[in-house]
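Below: the structure, in structure tokens.
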Amino acid sequence: MKTKIISQLKSRRFYIRLMSAAILIMSFIPFCNPITEYGGVQNSSLITVMKSMGSVIQYFSTEIPRFSAYSNVLFIMVILLYVSLIGILFGFLLSFSHDESYRGHGQNSILYSAAVMTVVFIVLCILYFNINIAMYRFGSVAVYRKLLIIFRMPPFLILFTVISAAVLVLSALERGFSLSDIKYRIKSSLAHRFKGGVHVPYNKVTSKMAIETLPPAKIMVYPLSQHIGAACDSLVKAGDTVKIGQKIADTDAFVSAPIHATVSGKVTKIDYMPHPTLNSAPAIVVENDFEDSEHESLKKTHADYKALSTEELISIIREAGITGMGGASFPTHVKIQSALKDNIDTLIINAAECEPYLSNDNRVILENCDELIGGIDILRHIFGLKNAYIGIEANKPQAIKVLNKATHKTGIRVVVLRAKYPQGGEKQLIKAVCNRTVPSGKLPSNVGCSIFNVDTAAAIYRAVVLGLPVMRRIVTVAGSGVEKPCNLNVRLGTPFSNILEACGLKEQTKKIVMGGPMMGISQYSLDAPVIKGTSGLLCFTENEVESEKDAACIRCGGCVSACPMNLTPNYIAMHTKLRDFEACEKLNAADCIECGCCSFTCPAKIPLVQYMRLAKQNVIENRKRQVTKK
């Protein structure tokens with residue numbers, strides 16, 4: 001019994017309950033009511049103070065001319081005080097529940113109510129301080145000396161402020177917040193936002209749909225170019241037999257990543273095939289034997305990855321063929337090596353998923369959070385960092401809850417961001433998470449940051465710990481052109497036609513986009529396969545596809561305000577039409593991230609992003625020619 005009492009006295013929960021009870025008890029005692037202290041009106045408690053508000057206001061009105069401004073604030077604070085007292089009462093009662101979930105709700109109720117109450121009492125302290133100053137200036141008998149401006153403050157008001165603040169701090173610590181976390185959250189909510197961007201209709205109808213596994217197709221197509229950088233060379237030839245996990249394409253080029261077979265079967269040909277981003281490209285075509293025979297190189301596990309050197313870990317990541325899964329498909333091992341050279345101090349996981357319709361990252365968090373956290377730990381080990389950040393938009397409450405639970409006391413901070421497109425852009429995410437600005441022409445590593453997508457981090461865990469190369473993508477299939485929107489676990493190399501057949505492609509479908517509607521790429525052939533950068537397949541009907549003609553610019557400036565890179569899309573488009581790419585370079589067209597905010601905002605429906613893309617390509621080509629001449 002004695003041990004139990006001592007353990008209770010050492011717990012934060014005991015003191016939270018004790019101080020919550022003190023607040024509630026004091027609220028029923030008229031002597032402890034700080035609001036009615038002036039004027040000698042002490043016949044009401046804090047709970048019934050609204051009955052005495054008339055007497056309080058009458059007293060102050062006789063002491064201070066034009067008291068109405070103060071009285072309005074006083075009324076609002078009393079109402080908020082009632083709300084917070086009710087919240088603390090409910091939280092106090094729920095904290096004694098035997099059900100853990102109810103206790104959790106009780107702790108949250110006390111935490112948020114204490115926060116409101118602390119703010120209310122701080123405002124009341126400031127209010128009464130100003131009232132004392134006014135009473136002194138107007139010669140009130142109650143405050144006839146300067147010292148009384150401070151000493152005439154109601155002592156129970158200060159006591160309530162201290163107790164409510166203590167409950168707030170202890171409740172926050174009990175819920176897993178550290179003082180540094182609280183400081184960071186306050187700072188980020190006030191300051192960390194990027195300029196520009198747009199609010200798009202998110203249409204994430206598949207966010208609550210669990211991931212389903214799609215069986216592989218009879219004919220699998222593996223393009224030799226699935227990433228930024230040099231295309232791979234085939235390591236197999238027509239007639240060869242391949243197995244799951246076997247490396248079938250690679251190159252000695254630094255910026256590249258190998259490709260692995262995702263089915264077992266026979267190589268039928270190596271030829272130009274439809275490609276989702278390059279129209280057509282060389283590809284290895286494999287006829288699936290449906291035996292799922294695994295290659296002997298598969299599943300070389302490294303559970304104790306901390307025993308491996310940085311070079312060994314990077315080699316494993318490279319051999320697994322991991323690239324950025326957010327759409328850019330930049331080889332991950334190259335990004336890691338670049339970040340190590342620049343001695344980065346901040347690791348950010350991009351869980352924003354700001355594109356409309358897409359929910360694949362959201363589902364990875366909900367269903368494979370252990371792989372995500374494991375991948376973050378491996379990246380922290382490689383970079384020698386203790387902390388990391390996960391940037392996620394506020395419109396994913398379930399994922400935020402799962403992440404908060406999974407990252408409790410791990411050194412990983414979940415940063416809840418304002419839902420705004422393009423929150424997932426690297427430079428925008430860096431600004432939003434750690435308030436750093438990436439200069440024009442520079443990389444995130446130049447400001448000490450390195451960013452990885454959710455599924456990229458999970459792929460790193462699977463490669464290092466489970467010995468699995470990149471062989472699948474979670475693909476969101478959505479839009480009004482499909483019968484059954486869903487999230488699918490699809491093996492790389494699966495033709496889009498197989499996916500849409502499983503989901504039910506409607507006859508009215510006018511346009512099919514790989515990726516999101518803002519930055520995705522329209523598809524001309526359903527024979528194109530799933531590659532490492534495939535995150536979604538969106539099908540739109542005719543009434544959703546705009547085909548308005550290019551109109552004249554009305555000089556509204558909407559595109560300039562919306563541009564998250566602080567560019568002037570209207571002027572860049574004008575110079576692009578004139579083929580004046582030197583002027584485009586002066587306007588920093590190469591900094592465009594092709595997010596589509598300008599086109600989305602334009603009331604004249606000018607395809608500004610297309611002009612921006614053309615200008616960017618020409619500026620980069622001109623720079624390459626100049627370097628070659630030198």
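Throughout, numbering of the chain's residues begins at 1 and tracks the sequence.
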When you compare the side chains of [X] and [Y], does any donor N or O come within less than 3.5 Å of an acceptor on the partner?
X: S535; Y: N360; answer: no
X: R613; Y: Q610; answer: yes
X: H275; Y: S225; answer: no

Quick one: do Y571 and Y611 satisfy ring-ring contact (aromatic ring centres under 6.0 Å, His included)? Show the steps, please. CA-CA 10 Å; Y571 285 108; Y611 290 117; over 10 Å; no
Can you name the nearest heavy-atom pair linking [X] to [Y], along with the distance?
X: P223; Y: I259; result: O-CD1, 3.1 Å
X: A419; Y: H199; result: O-ND1, 3.3 Å
X: V475; Y: G536; result: CG1-CA, 3.7 Å
X: V433; Y: V415; result: CG1-CG2, 4.2 Å
X: Y461; Y: G375; result: CB-N, 3.6 Å
X: T206; Y: A478; result: CG2-CB, 4.3 Å

Hey, is the main chain of [Y] close enough, under 3.5 Å, to the side chain of [X] for a donor-acceptor pair?
X: T456; Y: G324; value: no
X: N446; Y: L443; value: yes
X: S338; Y: K335; value: no
X: T541; Y: Q508; value: no
X: K616; Y: C592; value: yes
X: T494; Y: V490; value: no
X: Q523; Y: I521; value: yes
X: R491; Y: T262; value: yes

Relative to the ring of F452, is the ring of F383 parallel (under 30°), tilted (30 to 60°) or perpendicular (over 60°)? tilted
Hey, what do you get for [atom1] ([X]) to [atom2] ([Y]), rounding to the nearest 0.5 Å?
X: K386; Y: I412; atom1: NZ; atom2: CD1; answer: 14.5 Å
X: I373; Y: I378; atom1: CD1; atom2: CD1; answer: 12.0 Å
X: I382; Y: Y305; atom1: CD1; atom2: OH; answer: 9.5 Å
X: N395; Y: Q423; atom1: CG; atom2: CD; answer: 10.0 Å
X: R363; Y: S207; atom1: CZ; atom2: OG; answer: 7.5 Å
X: F600; Y: K605; atom1: CZ; atom2: NZ; answer: 8.0 Å

Going by an N to O cut-off under 4.0 Å, is there a salt bridge joining [X] and [Y]?
X: R472; Y: D455; result: yes
X: R436; Y: D345; result: yes
X: E621; Y: K624; result: no
X: E393; Y: K420; result: no

Among T323, D361, T332, which one satisfies side-chain contact (heavy atoms from CB on, under 4.5 Å) with N453?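 When T323, D361, T332 are each tested with N453, the side-chain contact (heavy atoms from CB on, under 4.5 Å) holds only for D361.
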Verify the neighbour count for atom NZ of K405: are there more than 12 heavy atoms of other residues, nucleotides or ligands below 6.0 Å?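 No, not enclosed.
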Other residues, nucleotides, ligands: >12 heavy atoms within 6.0 Å of Y272 OH: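 No, not enclosed.
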Given the rule in the salt bridge (charged side-chain N to carboxylate O under 4.0 Å, His left out) test, do E542 and K511 qualify, once you have shown the distances and angles that lead to the verdict? CA-CA 8 Å; E542 191 168 2; K511 189 175 187 178; over 6 Å; no
Are any of the side-chain heavy atoms of [X] and [Y] separated by less than 4.5 Å?
X: F254; Y: Q337; answer: yes
X: D233; Y: L224; answer: no
X: I314; Y: L340; answer: yes

Can R462 and E371 be said to form a salt bridge (charged side-chain N to carboxylate O under 4.0 Å, His left out), step by step? CA-CA 7 Å; R462 291 193 296 271; E371 292 184 354; 2.8 Å; yes
Carefully, step by step, assess S309 and E312 under the rule side-chain hydrogen bond (donor to acceptor under 3.5 Å, both in side chains). CA-CA 5 Å; S309 66; E312 287 173 319; 3.3 Å; yes
